[in-house]
Amino acid sequence: QVQLVESGGGLVQAGGSLRLSCAASGRAISIGAMGWFRQAPGKECEFVATISWSGVSVYVADSVKGRFTISRDNAMNTVYLQMNSLKPEDTAVYYCAARTSRVTATKNVSYDYWGQGTQVTVSS
C-alpha cells in the first residue's frame, strides 16, 4: 500500500503564495505519475495539475496556468504544488493523488492512491 500525506495548506491573502507538499510512504516504489486535485464546498472535485514519473511531462488546468507549478523529487518521494498569485476562487481542499502508471492523467478516477487533503483558504 501507499500512503500520501499533504502539508503546506493554510490561510493566505489574495495575491499571496503557498507551496503544498505531498510525501509518499509505504510501497512508494510503485508510484508513477502524480497529481493534484481540489474540491471547494458544494463543488465537484477539480483537476489542478499532473506530472509524469520522470517529471518531463507536466499538465496544469487552464484555471491555474501561469500561476501554479507542479514538480517532484523522486529521491524524496515527494510532489510539490507551488501556488502563486492566489485568488479567492482557489479556496478549496487540495488533494494529492498517485497512480501506478507513469503517464500523466487528468481524471480523478485514473488515480489509485489519495491523500487526506489540506485546506487552502484565500481571503480577499
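Every heavy atom of this structure was used, including side-chain atoms; hydrogens, water molecules and symmetry mates were not.
- Both V58 and L20 are members of a single hydrophobic cluster when ILVMFWY side chains are connected at heavy-atom separations under 4.5 Å.
- Distance check: M83 CE to L18 CG gives 4.5 Å after rounding to the nearest 0.5 Å.
- Two different hydrophobic clusters hold W114 and V79 under the rule that ILVMFWY side chains link at heavy-atom gaps under 4.5 Å.
- Note that R99 lies outside the cation-pi zone of Y113, set by a 6.0 Å cut-off to the ring centre and a 45° limit from the axis.
- One finds a salt bridge joining D62 and K65 here, because a Lys/Arg side-chain nitrogen approaches an Asp/Glu carboxylate oxygen to under 4.0 Å.
- Atoms SG and CE, from C22 and M34 in turn, are 4.0 Å apart once rounded to the nearest 0.5 Å.
- With rounding to the nearest 0.5 Å, the separation of CG in N84 from CZ in F68 is 8.5 Å.
- Side-chain heavy atoms closer than 4.5 Å link hydrophobic residues (I, L, V, M, F, W, Y) into clusters, and following such links, possibly through other members, connects Y94 to V122.
- Remark: Q3 CD to S25 OG distance equals 4.5 Å, nearest 0.5 Å.
- Between atom CD of residue E46 and atom CZ of residue R38 there is a gap of 4.0 Å, rounded to the nearest 0.5 Å.
- The heavy-atom pair separating W53 from N74 by the smallest distance is O-ND2, 2.9 Å.
- For the pair R102 and S52, the minimum side-chain heavy-atom distance is 4.5 Å or more.
- Side-chain contact check for Y111 and T100: no donor-acceptor pair (N or O, by modelled atom type) lies under 3.5 Å.
- A 4.5 Å side-chain heavy-atom check between I31 and L4 finds at least one atom pair inside the cut-off.
- Residues Y80 and V12 fall into different hydrophobic clusters, defined by Ile, Leu, Val, Met, Phe, Trp and Tyr side chains chained together at heavy-atom separations under 4.5 Å.
- Looking at T118 and V93, their side chains never come closer than 4.5 Å, going by heavy atoms from C-beta outward.
- In this structure, the ring of Y95 has its center no less than 6.0 angstrom from the ring center of F37.
- S17 places a side-chain heavy atom less than 4.5 Å from the side chain of Q82.
- A distance of 13.5 Å separates CZ in R72 from OG in S21, rounded to the nearest 0.5 Å.
- When all heavy atoms are compared, the tightest approach of T121 to Q119 is OG1-NE2, 3.3 Å.
- Residue-environment remark: NZ (K107) stays at or below the threshold of 12 foreign heavy atoms within 6.0 Å.
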